[in-house]
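Just below is one structure, and these are the notes that go with it.
Please read these numbers as outputs of a predicted model, since none were measured by experiment. By convention in this document, chain letters (A, B, ...) are assigned in the order of the sequence lines, proteins followed by strands, and residues within each chain are numbered from 1. Worth knowing before you read on, the calculation uses all heavy atoms, side chains too, and leaves out hydrogens, waters and symmetry mates.
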Amino acid sequence: VYTYTTMIEAYCKIRKLRRAEMLFRRMQEQGLSPNAVTYTVLIGGHCKEGNLTQAFKLLDRMIGEGCRPSICTYNAIIDGLCRKGRIHKAHGLLNECIQHGLCLDKATYTILISRHCKQGNINQALKLFDDMIDHGCEPDIYTYTALISGFCKVGNLENAEKHFSEVLEKGMVPNKVTYTAMIYGHCKANQANMAIKIMDKMIENGCTPDSVTYGALIDGLCKERKVEEAR
RNA sequence: CAAUGAGCCC
């Protein structure tokens, strides 16, 4: 089962869902029962392809066969729904999780926070951030990065910086993604000089800027007509 | 640690 699951995951990663489904069928023909991980991998693969119909079909089947979905299973579907902009339905699934006795985890909240941030709905994101803390679920660097990115997107650098400081105060370590979000925010606010300072700090702290980091920076520099600097 | 979550442009 472990081996099949790993292979199914590999096919999902390279977006060969038909191959993945084939293996899923074959393992059952061999008398092997897919477990929660197998189902989650396949459901996640379909969600990433945007095939929510198939994802829900598998979820039903999983439950029908007495295989209990985990929070990872639901998170995969919640993420898929969010990507399709069906955030309301995603929120609806939270109740289903709770009915199944599952505890929402950091990923659940981060998926939703990230989505609200992308829509510029920072207040809703903050509400979820508070909710998660109320429920004893501590935000981690992923959650903070999503939130910081949300503040950057709406040009609220003050709050972005405030949460960045909070990360440090809590002893968490900002990573490449966190710094890139900050750089993007400053570029967007026409503070390219500050963005460059942040990049220097990022390098000092052992994070290597990647193509996304440079992409954000080049965009910002070009906007400020500092094409030469961008070069 | 076999499965879920965060960053630019498009």
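Here A:Val41 lies in heavy-atom contact (under 4.0 Å) with sugar-phosphate atoms only. Across all strands shown, A:Tyr184 has heavy atoms under 4.0 Å from sugar-phosphate atoms exclusively, and none from any base. Among the atoms of the strands shown, none is found under 4.0 Å from any heavy atom of A:Thr38. If you check every strand for non-hydrogen atoms under 4.0 Å, A:Ala146 touches sugar and phosphate atoms only. Residue A:Lys48 is classed as a sugar-phosphate contact, given heavy-atom separations below 4.0 Å to backbone atoms only. A:Thr6 comes within 4.0 angstrom of no nucleic acid atom, judged by non-hydrogen atoms across all strands. Within the 4.0 angstrom heavy-atom criterion, no nucleotide atom of any strand lies near A:Thr108.
Taking the C1' atom of each, B:C9 and B:G5 are spaced 22 Å apart, rounded to whole Å.
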Residues A:Gln30, A:Tyr4; criterion side-chain hydrogen bond (donor to acceptor under 3.5 Å, both in side chains); working and verdict: CA-CA 11 Å; A:Gln30 293 188 359; A:Tyr4 269 106; 3.1 Å; yes
Test side-chain hydrogen bond (donor to acceptor under 3.5 Å, both in side chains) applied to A:Lys57 and A:Thr53, step by step: CA-CA 6 Å; A:Lys57 219 179 257 179; A:Thr53 308; over 6 Å; no
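B:A6 atom P lies 15 Å from atom NZ of A:Lys176, rounded to whole Å. If you measure from atom CG of A:Leu217 to atom P of B:C9, you get 13 Å, rounded to the nearest angstrom. Atom OH in A:Tyr144 sits about 17 Å away from atom P in B:G7, given to the nearest Å. For the pair A:Asp140 CG and B:A6 C1', the computed distance is 9 Å after rounding to whole Å. Across the protein-nucleic acid pair, A:Asn75 atom CG and B:U4 atom P stand 10 Å apart, rounded to whole Å. For the pair A:Phe129 CZ and B:G5 C1', the interatomic distance rounds to 14 Å; values are reported in whole Å. Between A:Leu42 atom CG and B:U4 atom P there is a gap of 13 Å when expressed in whole angstrom units. The distance between atom NZ of A:Lys118 and atom P of B:C9, rounded to the nearest whole Å, is 11 Å.
Within 3.5 Å, a donor on the side chain of A:Ser70 pairs with an acceptor on the base of B:A3, or the reverse. Put simply, the side chain of A:Asn175 and the base of B:A6 share a donor and an acceptor less than 3.5 Å apart. Contact of A:Asn35 with B:A2 (side chain to base): a donor-acceptor pair of N or O atoms is detected under 3.5 Å. The base of B:G7 sits within donor-acceptor range of the side chain of A:Asp210, with an N or O pair under 3.5 Å.
The phosphate of B:C8 (OP1 or OP2) has a side-chain N or O of A:Lys153 nearer than 4.0 angstrom.
In the set B:A6, B:U4, B:C9, the nucleotide with an atom closest to the side chain of A:Asp219 is B:C9. Looking at the side chain of A:Ala107, the nearest of the listed nucleotides B:A3, B:G7, B:G5 is B:G5. Taking the side chain of A:Thr180 as heavy atoms from C-beta on, and the options B:A2, B:G7, B:G5, the nearest nucleotide is B:G7. Residue A:Glu9 places its side chain closer to B:A3 than to any other of B:G5, B:G7, B:A3.
Under a 4.0 Å N-O distance rule, the pair A:Arg61/A:Glu65 qualifies as a salt bridge.
Between A:Tyr179 and B:G7, no base-stacking contact is recorded for ring centres under 5.5 Å apart and planes less than 30° from parallel.
With A:Thr110 as the fixed residue, the side chain to side chain donor-acceptor pair (under 3.5 Å) test singles out one of A:Asp140, A:Asp79, A:Thr143, A:Asn75: A:Thr143.
Here the two rings, on A:Tyr184 and A:Tyr179, have centers that are 6.0 Å apart or farther.
No hydrogens or angles considered: a donor-acceptor pair under 3.5 Å links the side chains of A:His186 and A:Glu161.
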